[in-house]
Undergrad: 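One structure, pasted below without further comment.
Order of the sequence lines fixes the chain letters, A, B, ..., with proteins taken first and strands second; residue numbering starts at 1 for each chain.
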Amino acid sequence: MAFLTSFIVFLLFASGLYLIMQRNLFEVLLGTNLLSHGTNLFLISMSGWHPDTLPPILVEAFGHDPSPYVDPVPQALILTAIVISFGVTAFLVVLMMRGVEETGTLEAGELAAGEDEE
Amino acid sequence: MSNSVLLPILIPLIGAIICLFFRGSLKVQRIVSGAVATAMPFVAFALLLTVREHGVMVLRSGAWPGPFGIVFALDQFGAIMLVLSGIVQAAAWWFLAAGALDRERETFLLHPLFLFLCTGVNWAFSTGDLFNLFVSFEIILLASYALISHGNERTQIRESLKYVILNLVASTLFLVAAGFTYGMFGSLNLAELAVRFAQLGYPPETRVLGTLFLFVFGMKAALYPMFYWLPDAYPKAPRGISAYFAGILTKVGVYCLYRVFTLLFRDEGAFASWFQPIILAIGGLTMIVGVMGALSQFSFRRILSFHIISQIGYMIFGLGIFTPLAIAAGIFYIIHHIIVKAALFLVGDAVEVNEGSQSLRKVAGLVKLSPALSVFFLLAAFSLAGIPPLSGFYGKYGLAVEGYVEGHAFYVAVSLLTSLFTIASMAKIWRYSFWGERPEGAAKKLSNTGVVAATGGLVAVSVVVALASAWIMGVSTDAANQLLDRTEYVDAVLGTRGVEALQLAMKEPVE
């Protein structure tokens with residue numbers, strides 16, 4: 001399981017970084033999303049989950065021993081991270097729409113032609 | 001426990017929310033934003049005095065003990081940064097209120113975005129939790145994304161896109177670094193992490209984490225290989241607010257570097273053999289490459305933006321030497337830099353407001369237009385280069401002496417050379433824009449004196465920094481000692497249990 005998770009994290013990061021380096025803005029957008037998915041999956045793998053762990057609701061039989069439960073903190077981190085990446089993605093989409101209005105294409109290179117004061 | 005730690009976060013946040021309710025009315029927005037901007041330096045200064053007198057202030061949310069809840073902890077270094085953030089915010093507001101932007105643009109969400117930016121910055125300076133630091137970074141970033149594209153010009157969209165995507169990658173890495181930290185050490189509380197790192201004897205993983213954090217915060221601070229976004233992005237910020245960008249935003253990254261390297265990665269063997277050479281080399285390269293960039297530019301803001309990079313190098317140099325005096329000089333340098341750099345950006349913006357351009361090729365003869373503005377520029381520029389009676393001298397002097405004593409003579413030489421180039425590029429602005437004849441058909445009088453007055457206010461603060469340098473050096477020294485002797489911070493956050501564990505781990509006698 002740990003191997004599978006880390007492989008998928010690797011895959012998401014690799015394809016995310018590849019897409020971010022593309023010239024097409026929509027692919028860049030997808031790349032950022034893949035990166036944030038990769039991060040979230042990575043974070044959840046830090047919660048020590050394996051098939052025998054229990055949800056973090058105390059069961060009397062185990063007393064105060066924390067070891068049978070999955071760690072809930074990374075899930076809280078991921079919730080925050082998802083909300084943030086949602087906000088950033090929304091902003092990025094609007095920004096790209098403005099870029100499309102300005103140049104008529106999704107090509108990042110077209111924007112470079114803008115006037116610039118030295 | 002003290003709730004007043006939250007004041008620097010809550011005041012701008014509430015101000016921003018009130019502004020959002022009055023989206024159509026510039027008057028109300030200016031009054032609310034102005035009230036916040038006026039209050040912030042005083043609130044922050046009161047907090048600084050309290051922290052100096054009573055030690056580190058801590059707020060445990062929900063009264064959860066020690067490492068379990070989310071903790072806000074304000075020490076002297078954090079409080080100093082809050083004061084600076086407040087001062088620059090006030091100057092930027094004054095500049096905006098003098099009519100630096102056209103009404104339509106200023107009405108459209110500018111004040112609330114600026115206040116959200118200040119909220120995030122103040123949050124970063126007072127949090128004691130790694131994940132909260134990430135969240136505050138995201139608040140800063142979202143507000144700054146919107147502010148850089150505010151105005152909706154084609155070049156702004158382009159630079160904003162670059163800035164957003166680069167920072168997205170940096171944020172992703174920050175989250176990964178935080179995740180690694182939690183996965184390996186089981187906590188996100190900075191004080192608790194300091195104790196656990198020491199207890200485990202700084203395993204090799206801490207080097208990996210330290211390098212990751214150096215990369216992540218170095219990206220925000222525009223350190224040598226990761227600086228290229230800054231000179232493109234910062235000049236696109238709205239006039240006035242660009243001073244806050246230039247003064248404060250990169251320094252959030254520097255602040256975090258000072259914080260993590262003094263609190264967490266304190267393994268002396270690893271520091272001497274791994275982090276110190278890297279930090280010093282990056283510091284030296286940042287200085288020289290930044291100033292080289294500045295020499296080749298032909299616009300106020302771009303020259304000044306490259307200077308930001310070059311001066312971040314000095315701050316990092318102070319961290320690299322890592323002695324109490326060097327850290328103190330670094331903190332003094334941060335104080336001086338924030339005020340002076342913001343003042344210089346305001347000079348550039350004041351020129352743009354009055355002349356319609358910041359290009360050295362288009363603006364000339366400013367001495368004839370406004371002697372006051374010329375004096376302000378000269379004071380700030382000399383201060384930046386480190387001419388003795390002005391504030392820049394003391395920080396550079398401290399860094400040079402301490403660097404030489406500690407045997408980093410090469411980097412001291414680099415820093416002195418950088419100062420020389422700094423004055424050269426400032427002389428370039430002076431030569432092209434302030435000297436010479438007024439172009440034909442140019443205005444004979446300033447069309448907006450309010451912005452010049454706002455600039456003068458900030459330059460006056462920088463003169464005060466120079467005059468009060470003895471006291472400020474004392475404050476910086478206290479802050480540096482507090483950073484280096486971690487016990488007070490750990491004691492405030494975790495109580496005696498944490499201090500005892502830390503001292504035991506560091507093999508120091510328990511008092």
Undergrad: Under 6.0 Å from the OH atom of A/Tyr69, do we count more than 12 heavy atoms belonging to anything else shown?
TA: yes
Undergrad: Determine the option with the most heavy-atom pairs under 4.5 angstrom with chain B, choosing from A/Gly16, A/Gly48, A/Pro74.
TA: A/Pro74
Undergrad: Can you find a heavy atom in the side chain of B/Tyr182 that is under 4.5 Å from one in the side chain of A/Leu43?
TA: no
Undergrad: I need the residue from A/Val94, A/Asp71, A/Ile20, A/Thr32 with the largest number of non-hydrogen atom pairs under 4.5 Å to chain B.
TA: A/Asp71
Undergrad: May I ask you to name which of B/Asn152, B/Leu175, B/Leu188 has the most heavy-atom pairs under 4.5 Å with chain A?
TA: B/Asn152
Undergrad: Other residues, nucleotides and ligands only: do more than 12 of their heavy atoms fall within 6.0 Å of OH on A/Tyr18?
TA: no
Undergrad: Please classify the contact of B/Val164 with chain A as side chain, backbone, both or neither, using a heavy-atom distance under 4.5 Å.
TA: side chain
Undergrad: Identify which part of B/Ala146 has an atom lying under 4.5 Å from any heavy atom of chain A, answering side chain, backbone, both or neither.
TA: both
Undergrad: Quick one: are B/Phe134 and A/Ile84 in side-chain contact, heavy atoms under 4.5 Å?
TA: yes
Undergrad: Pick one of side chain, backbone, both or neither for A/Leu35, based on which atoms fall under 4.5 Å of a heavy atom in chain B.
TA: both
Undergrad: First locate atom CE of A/Met46, then atom CE of B/Met184, and finally report the distance between them rounded to the nearest 0.5 Å.
TA: 7.0 Å
Undergrad: Let me know if B/Phe131 has heavy atoms under 4.5 Å from chain A in its side chain, its backbone, both or neither.
TA: side chain
Undergrad: Go through the atoms of B/Ser160 and report whether side chain, backbone, both or neither lie under 4.5 Å from a heavy atom of chain A.
TA: both
Undergrad: Between A/Val88 and B/Glu138, is any pair of side-chain heavy atoms under 4.5 Å apart?
TA: yes
Undergrad: How long is the straight-line distance from CD of B/Glu153 back to CZ of A/Arg98, given to the nearest 0.5 Å?
TA: 10.0 Å
Undergrad: Is there a side-chain contact between A/Ser36 and B/Thr172, using heavy atoms and a 4.5 Å cut-off?
TA: no
Undergrad: Determine the minimum heavy-atom distance between B/Ile157 and A/Leu95, stating which atoms define it.
TA: CG2-O, 3.9 Å
Undergrad: Against chain B, label A/Val28 side chain, backbone, both or neither, depending on which of its atoms sit under 4.5 Å from a heavy atom there.
TA: side chain
Undergrad: At a heavy-atom distance under 4.5 Å, which candidate from A/Leu17, A/Leu92, A/Leu29 has the highest pair count against chain B?
TA: A/Leu92
Undergrad: At a 4.5 Å cut-off on heavy atoms, which part of A/Leu25 comes close to chain B: side chain, backbone, both, or neither?
TA: side chain
Undergrad: With only heavy atoms counted, which part of B/Leu168 is less than 4.5 Å from chain A, the side chain, the backbone, both or neither?
TA: side chain
